[in-house]
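Notes to accompany the following structure.
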Amino acid sequence: MSTLCTDLDTFMSGLEKRNPGQPEFHAAVKEVAADVLPFMEGKKEYKNECLMERLTEPDRVISWRVSWKDDQGNVRADRAWRVQFSNAIGPYKGGLRFHSSVTKSVLKFLGFEQIFKNSLTGLPMGGAKGGSNFNPKGKSDDEVMRFCQSMMTEMHRYIGPETDVPAGDIGVGAREIGYLFGQYKRMANQFNGALTGKGLSFGGSAGRTEATGHGVVYFMREMMRDCDDDLEGKTALVSGSGNVALYCIEKLITQGAKPVTASDSSGFIYDKEGITRDKLEWLIDLKENRRGRIKEYSEEFGCEYYPDKTPWQIPGDLAFPCATQNELLGDDAKALVKNGLIALAEGANMPCTADAQHILRSEVLYAPGKASNAGGVAVSGLEQSQNAQHSSWSREEVDERLKKIMTNIHDKCAEYGRDGHGTKIDYARGANIGGFVKVADALLKCGVV
Ligand code: NDP
């Protein structure tokens, strides 16, 4: 490794050589390094500190086998990881993802992003991510429970309220966190805040379920406010129909906007009249309780359904990709801009490809996920505080704190991302540098570790 590396191409070719076959991780690092390396240039305090090289090497990656038995009595074996990326500013913190597409590269990309996101919240949380290629779709509750118990039997050794605090992500919702926490208590013989996203009856925080989706809309509201505009009457395109998407739609409705799309991995619905509160309640029940498909919404409410398509060709003022990574391509970004898009806030992690980001950053207001979807981890941080104090705060109190945190993140992005004329804000640059500064400062002050 070099001691000082300010050239992006040289830095990336070294990183790619050290981490072969990890395209998602390469893309995530490149996006950050393109802003941070020029920022560090010429700054005396960063000289010879090898900061980006240190930050792109996880503290550790743990991987293990998860054996479990399905309902037919067959033994199954899946693979799990925990990437403990950086505890420079606090205990490791980041979600667990259960999906067949999970690889070490995907979790390294997510863990790396999490370092900057957690730093932006202003709370003392390091960056981590974990998960398994186990696919919970179509599995019975008993199968999911047996898998979670087996996974935690190993994972409990590496986590704890002062060490590493996992949470949910794709495929890991309230049910999975409950099973994981049940097994954690049994193995550790402790009831503590080693996991967040817990149910309200066993240490969870009010408002955590809604936090990411609501937070994305709060962030969008701040972006619009900065341009003397608001959300009232704006047509909004949302992708996904999971945790983030559903509560993004909910907050859009209460803010007077008109959400018209939602999707899952089979296709999307286009409800020209707008998704109303009543329709949303039906959709939340479909997705959270009946575990149904988005197509059923079009059958229930008689709107358009497009199988195997994403919603980005539909005209809209605002866009909220809330499903998964790389779901919005360069051509989608072009179509959105052509159709008059004003702003896009990412609910998912890295849903826009590099091509799409490039177009959106120059043409519209573009909020990267590490800033706009930080509300979830922020309320997880608040859950940790409540657990540590053996107290619980009201929904209103948590919501007030969430609003304040999202406004602060917006302002931090503006501080580091506003152009020389003080007008346009490059939120991606602002988030990368704003997230980096605090972590770099902590790394420098803690010696060579
Ligand atoms: P959920 O599992 O609750 O929902 C995911 C949604 O995305 C589902 O509608 C799913 O459809 C859809 N989806 C998943 N994979 C694909 C795909 N390949 N193509 C199209 N649609 C797909 O996850 P969350 O809502 O929790 O997470 C969504 C995103 O937000 C992720 O990127 C996650 O990392 C990010 N995020 C989540 C946070 C949270 O608090 N939950 C916090 C910050 C970021 P289907 O049911 O068909 O799979």
Side-chain angles (χ1 to χ4, degrees), residues 24 28 93-102 106-107 109-111 113-114 116-118 120-121 125 127 129-131 135-138 166-177 196-197 204-205 207-216 219 238-250 261-269 283-284 286-288 290-297 306-312 320-329 332 345-352 367-381 383 402 406 409:
E24 295 86 359
K93 177 98 198 91
L96 296 170
R97 177 176 291 192
F98 291 172
H99 195 272
S100 49
S101 65
V102 166
V106 167
L107 296 178
F109 126 59
L110 291 164
E113 286 276 295
Q114 200 79 44
F116 302 90
K117 182 188 304 192
N118 293 1
L120 283 167
T121 65
M125 301 184 290
K129 200 81 188 185
N135 179 6
K137 246 183 241 159
D169 189 66
I170 292 181
V172 179
R175 174 183 62 171
E176 290 75 14
I177 291 290
T196 58
S205 173
R208 173 59 187 95
T209 308
E210 302 87 346
T212 308
H214 286 187
V216 179
F219 195 93
V238 179
S239 67
S241 51
N243 174 264
V244 181
L246 292 172
Y247 295 98
C248 171
I249 292 173
E250 181 182 75
T261 63
S263 70
D264 59 24
S265 54
S266 310
F268 80 93
I269 57 106
L283 183 58
I284 290 177
L286 176 80
K287 284 292 175 180
E288 291 187 351
R290 290 182 279 141
R291 299 186 190 269
R293 308 302 295 161
I294 197 71
K295 183 171 190 272
E296 295 167 49
Y297 178 103
Y306 296 88
D308 302 321
K309 293 242 167 6
T310 52
W312 313 125
F320 298 87
C322 297
T324 191
Q325 67 264 17
N326 297 329
E327 55 158 317
L328 197 155
L329 313 178
D332 298 323
E346 293 183 341
N349 285 313
M350 229 183 281
C352 301
K370 64 171 79 71
S372 52
N373 73 28
V377 75
V379 173
S380 278
E383 183 175 331
L402 172 63
M406 296 315 294
I409 297 174

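In listed order, ligands and their atoms are each counted from 1. Values below: every heavy atom of this structure, side chains too, minus hydrogens, waters and symmetry copies.
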Sub-3.5 Å pairs, protein N or O with ligand 1 N or O:
{"unit_1": "ligand 1", "atom_1": "2 (O)", "unit_2": "Gly171", "atom_2": "N", "d": "3.2"}
{"unit_1": "ligand 1", "atom_1": "3 (O)", "unit_2": "Asn243", "atom_2": "N", "d": "2.9"}
{"unit_1": "ligand 1", "atom_1": "9 (O)", "unit_2": "Ser241", "atom_2": "N", "d": "3.0"}
{"unit_1": "ligand 1", "atom_1": "9 (O)", "unit_2": "Ser241", "atom_2": "OG", "d": "3.4"}
{"unit_1": "ligand 1", "atom_1": "11 (O)", "unit_2": "Ser265", "atom_2": "N", "d": "3.3"}
{"unit_1": "ligand 1", "atom_1": "25 (O)", "unit_2": "Asn243", "atom_2": "N", "d": "3.1"}
{"unit_1": "ligand 1", "atom_1": "25 (O)", "unit_2": "Val244", "atom_2": "N", "d": "3.0"}
{"unit_1": "ligand 1", "atom_1": "32 (O)", "unit_2": "Asn349", "atom_2": "N", "d": "3.1"}
{"unit_1": "ligand 1", "atom_1": "34 (O)", "unit_2": "Arg97", "atom_2": "NH2", "d": "2.9"}
{"unit_1": "ligand 1", "atom_1": "34 (O)", "unit_2": "Asp169", "atom_2": "OD1", "d": "2.6"}
{"unit_1": "ligand 1", "atom_1": "34 (O)", "unit_2": "Asp169", "atom_2": "OD2", "d": "3.4"}
{"unit_1": "ligand 1", "atom_1": "34 (O)", "unit_2": "Asn349", "atom_2": "ND2", "d": "2.8"}
{"unit_1": "ligand 1", "atom_1": "40 (O)", "unit_2": "Arg208", "atom_2": "NH1", "d": "3.4"}
{"unit_1": "ligand 1", "atom_1": "40 (O)", "unit_2": "Arg208", "atom_2": "NH2", "d": "3.1"}
{"unit_1": "ligand 1", "atom_1": "40 (O)", "unit_2": "Thr212", "atom_2": "OG1", "d": "2.7"}
{"unit_1": "ligand 1", "atom_1": "41 (N)", "unit_2": "Asn243", "atom_2": "OD1", "d": "3.4"}
{"unit_1": "ligand 1", "atom_1": "47 (O)", "unit_2": "Ser265", "atom_2": "N", "d": "2.9"}
{"unit_1": "ligand 1", "atom_1": "47 (O)", "unit_2": "Ser265", "atom_2": "OG", "d": "2.5"}
{"unit_1": "ligand 1", "atom_1": "47 (O)", "unit_2": "Arg293", "atom_2": "NH1", "d": "3.2"}
{"unit_1": "ligand 1", "atom_1": "47 (O)", "unit_2": "Arg293", "atom_2": "NH2", "d": "2.7"}
{"unit_1": "ligand 1", "atom_1": "48 (O)", "unit_2": "Lys137", "atom_2": "NZ", "d": "2.9"}

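With sequence neighbours left out, the side-chain hydrogen bond (donor to acceptor under 3.5 Å, both in side chains) criterion links Glu296 to no other residue. With sequence neighbours excluded, the residues satisfying side-chain hydrogen bond (donor to acceptor under 3.5 Å, both in side chains) with Lys295 are Glu299. For Ser101, the side-chain hydrogen bond (donor to acceptor under 3.5 Å, both in side chains) test picks out His99, with sequence neighbours left out.
The two residues Ile409 and Ala374 have their closest heavy-atom pair at CD1-CB, 3.7 Å.
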Evaluation steps, side-chain contact (heavy atoms from CB on, under 4.5 Å), between Lys129 and Phe109: CA-CA 9 Å; Lys129 200 81 188 185; Phe109 126 59; over 6 Å; no

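With Arg291 contributing its side chain and Leu286 its backbone, the two residues share no donor-acceptor pair below 3.5 Å.
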